[in-house]
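This report concerns only the one structure given below.
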Amino acid sequence: MNTPPSSPVVPVPKRASWSGQLAFILAAAASAIGLGNLWRFPYLAAQYGGGTFIVVYLALVVTLGFTLMVTEIAIGRMTQQSQLTAYSKLHRGFGPLGLLATIIPVVIVPYYCVIGGWVLKYFWTYAKMVANPSANPFADAGGFFGGFISAPFAPFGYGLVFILVCALVIALGVKHGIEKSNLVLMPLLFVMAIGISIYVMCLPGSGEGIKYYLVPNMDALRGANGSFSVAQLARTVLGAMGQMFYSLSLAMGIMITYGSYMRKGDSIEKSVRRIEIFDTLIAIVAGMMIIPVVYMFAMKTGTPVHDAMNAGPGLMFITLPKVFADFGRTGALVGAVFFLLVAFAALTSAISLYEACVASVCDLLGMKRRNATFFMFFVIAFLSIFSALGFGVWGKMTPFGMDFLTFFDFVTNSVLMPIVAIVTCVFVGWVIKPKAIEDEILKGEPKFAARGLYNVMVKYVAPVLIAAVLVSEICRGLGLFGWKI
Ligand code: PHE
C-alpha cells in the first residue's frame with residue numbers, strides 16, 4: 001500500500017495578491033501620486049520655465065521611467081519577493097543591492113511622514129478657519145510655518161498621527177487595508193484636484209498665470225548672455241529626471257514589492273503606461289492649482305515673477321497660504337480642501353513606503369504582517385524624531401551642513417536611489433539579461449510592444465543618464481563646482 005511520504009517541508013503561506021489589474025494600477029498610482037506631484041513638481045516646473053519643463057519631463061517618463069518601472073514590477077512578480085530578497089533570489093551576488101534598496105524606504109518614510117504631519121497641521125488650521133475666518137493665522141504665513149516646524153513637540157506629534165494611520169491600514173493587509181483605502185482616497189483626491197483647478201481657472205486674472213505655466217518658454221533655456229545654453233538644458237533635463245524617479249516611486253523597491261502581489265496573467269506593460277498617465281496628469285493638474293495663483297500673487301504684490309516662482313519648497317507651505325488668506329472664508333475652505341487632498345496623496349504614498357519595509361521584514365524573517373507592522377512602527381517613529389526636531393530643538397545638528405530632513409532626502413534621492421537604479425539596470429541589462437524581463441512580461445500579454453526601446457534603454461541609455469544625475473546631484477548637494485539645479 002502506498003502511504004504518502006511525510007513531508008518535512010513547512011507549508012509556505014500563500015503570498016497576498018491584488019484582486020485584479022485595476023487594483024494594482026490604482027495601488028501603484030496611489031504610491032506614485034504624492035508630495036512629489038503636488039509640492040515638488042509645481043515648484044520645479046515654475047523654476048524651469050513651465051511648459052519647457054513639462055515637455056522634457058514627459059519625454060523622460062515614457063522612456064526612462066517606463067524602462068525602470070517595467071523592470072521593477074517584473075522582478076517582483078518573477079521572484080514573488082519584496083526588494084530585500086528579490087535580487088538575491090535571481091543572483092546570489094546581488095543580495096547587497098536588495099539591502100540597499102530596502103534601506104531607502106526605511107530612511108524616507110520617517111521624514112515623509114513628518115512632512116505629512118505638516119500637511120495635517122495646515123489642514124486642521126484651515127478647517128478651524130472655515131468656522132472662524134476672522135482669525136487668520138496665515139496672515140504671516142512664513143512666521144506660521146517657521147513657528148510650527150521649530151516647535152519643541154508639535155511636528156513630532158502630528159507626524160506620529162500620520163505614521164499611526166499608515167500602520168493601521170497596513171496591518172489590515174494588502175486587499176483589506178491598502179486596496180480598500182486606495183479605493184476611497186484616490187477618487188476623492190481626483191475630484192478635489194479637478195475642483196480646485198476649476199476654481200483657480202475661474203479666478204479673474206488667472207489666464208496669464210496659466211499661460212506662464214503651460215506654454216513652453218524658451219527663455220528658460222537661455223544662459224546669462226541671452227543665447228541658448230546647453231548647460232541650462234542639461235540642468236532642466238537632470239532636474240526633470242530626479243523628479244521623475246521620485247514621482248514614480250522608482251529605485252527604492254516599492255514597485256518590486258507591489259509587483260510581487262501582481263497576478264501572472266495581468267499586463268505589466270499596459271499597467272505601467274496607465275500608472276504613468278495618472279501620475280503625470282495629477283502633477284500637471286497640481287501645477288494648474290498652484291502656479292497661476294502664485295503668478296497672480298506676484299502681480300498683486302509687485303514681487304518679480306521669477307522670485308515668486310523660485311520660492312522652492314516654500315511655495316506650498318508659505319506662498320500659497322498667503323494667497324488663500326486674501327479670500328476670506330472661501331479661501332479658508334479652498335485651503336482646507338487643498339491640504340486634505342495633499343494629505344490623502346501623501347498618505348497613500350507613505351503607505352506604500354511603509355509596506356515596502358513591512359514586506360521586507362516579513363520575507364526575510366517570516367514574521368507575521370501585524371507583528372512586522374508593529375515593529376516597523378517603532379523604528380519609523382523613532383527615526384522621525386530627527387526630522388521632526390531638526391528645525392527646532394535639534395537645529396544645531398547639521399550633518400554636511402543640512403538639517404536632518406534635507407540630509408535624509410539628499411542621501412536617499414540624490415545618492416542611494418541613483419545607485420540602486422544604475423546597478424539594477426546593469427544587473428538586468430548585462431547579468432540576467434533583458435530576455436528574463438521579457439519572458440515575465442509575456443506571461444500576461446501576447447507581445448512586448450516596447451521591446452526594442454526597452455533593450456536599448458536598460459543596457460545603455462539608462463545607466464549613463466542616471467550616472468549623470470548621480471554626479472550632478474552630489475555636486476549640487478555638497479555645493480561642489482558651483483553647480484546649482
Ligand atoms: N512618489 C511619491 C511622490 O510623488 C513619493 C514617494 C517616494 C512615494 C518614495 C513612495 C516612495 O510623492
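Numbering of residues begins at 1 and proceeds along the displayed sequence. No hydrogens, no waters, no symmetry mates; every other heavy atom, side chains included, goes into these values. Whatever order the structure lists ligands and atoms in, that order sets their numbers, starting from 1.
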Next item on the list: Anything under 30° is parallel, anything over 60° is perpendicular, the rest tilted; go ahead and classify Trp18 against Phe24.
Entry: tilted
Quick one: does Leu35 get an N or O within less than 3.5 Å of an N or O on ligand 1? yes
- Message: So Ile351 and Asn182, do their side chains get closer than 4.5 Å, heavy atoms only?
- Response: no
Worksheet entry | Pair Glu355 + Arg369, salt bridge at N-O below 4.0 Å | yes
In ligand 1, the atoms that come under 4.0 Å of a heavy atom of Met252 are 7 (C), 9 (C), 11 (C)
Under 4.0 Å from one or more heavy atoms of Leu353, ligand 1 contributes atoms 9 (C), 10 (C), 11 (C)
When rounded to the nearest 0.5 Å, the distance separating CH2 of Trp39 from CD1 of Ile290 is 11.5 Å
Tested for side chain to side chain donor-acceptor pair (under 3.5 Å) against Ser260, the lone hit among Gln83, Gln81, Arg15 is Arg15
**Study point:** Over 12 non-hydrogen atoms of neighbours within 6.0 angstrom of NZ in Lys270
**Key:** no
- Within 45° cone of Tyr48 ring axis and under 6.0 Å: Arg235 NZ or CZ: no
Inset, instruction - Examine Ile108 against ligand 1 and note whether any of their N/O atoms are separated by less than 3.5 Å. - result: no
Open item on the list: In terms of relative ring orientation, are Tyr295 and Tyr212 parallel, tilted or perpendicular, with 30° and 60° separating the classes?
Closed with: tilted
Could you say whether the N/O atoms of Ser247 and ligand 1 ever approach to under 3.5 Å?
yes
>> If you measure every N or O of Leu248 against every N or O of ligand 1, does any of those distances drop under 3.5 Å?
In response: no
Checking heavy atoms under 4.0 Å, the part of Arg40 that sits near ligand 1 is neither
Quick look: Asn37 vs ligand 1, heavy-atom contacts under 4.0 Å, and the answer is both
Taking only non-hydrogen atoms of Ser31 and a 4.0 Å limit, the atoms of ligand 1 in range are 1 (N), 2 (C), 8 (C)
Atom 12 (O) of ligand 1 sits nearest the protein heavy atom Gly36 N, 2.6 Å
Task: ligand 1 contact by Trp39, heavy-atom criterion under 4.0 angstrom - done: no
Ile254 heavy atoms within 4.0 Å reach ligand 1 at atoms 10 (C), 11 (C)
To atom 6 (C) of ligand 1, the nearest of Ser249, Ala283, Ala350 on a heavy-atom basis is Ser249
Item to complete: Step through the shown structure and confirm whether more than 12 heavy atoms of other residues, nucleotides or ligands are within 6.0 Å of OH on Tyr43.
Response: yes
Atom 4 (O) of ligand 1: closest protein heavy atom, distance to 0.1 Å, is Ala32 O, 2.8 Å
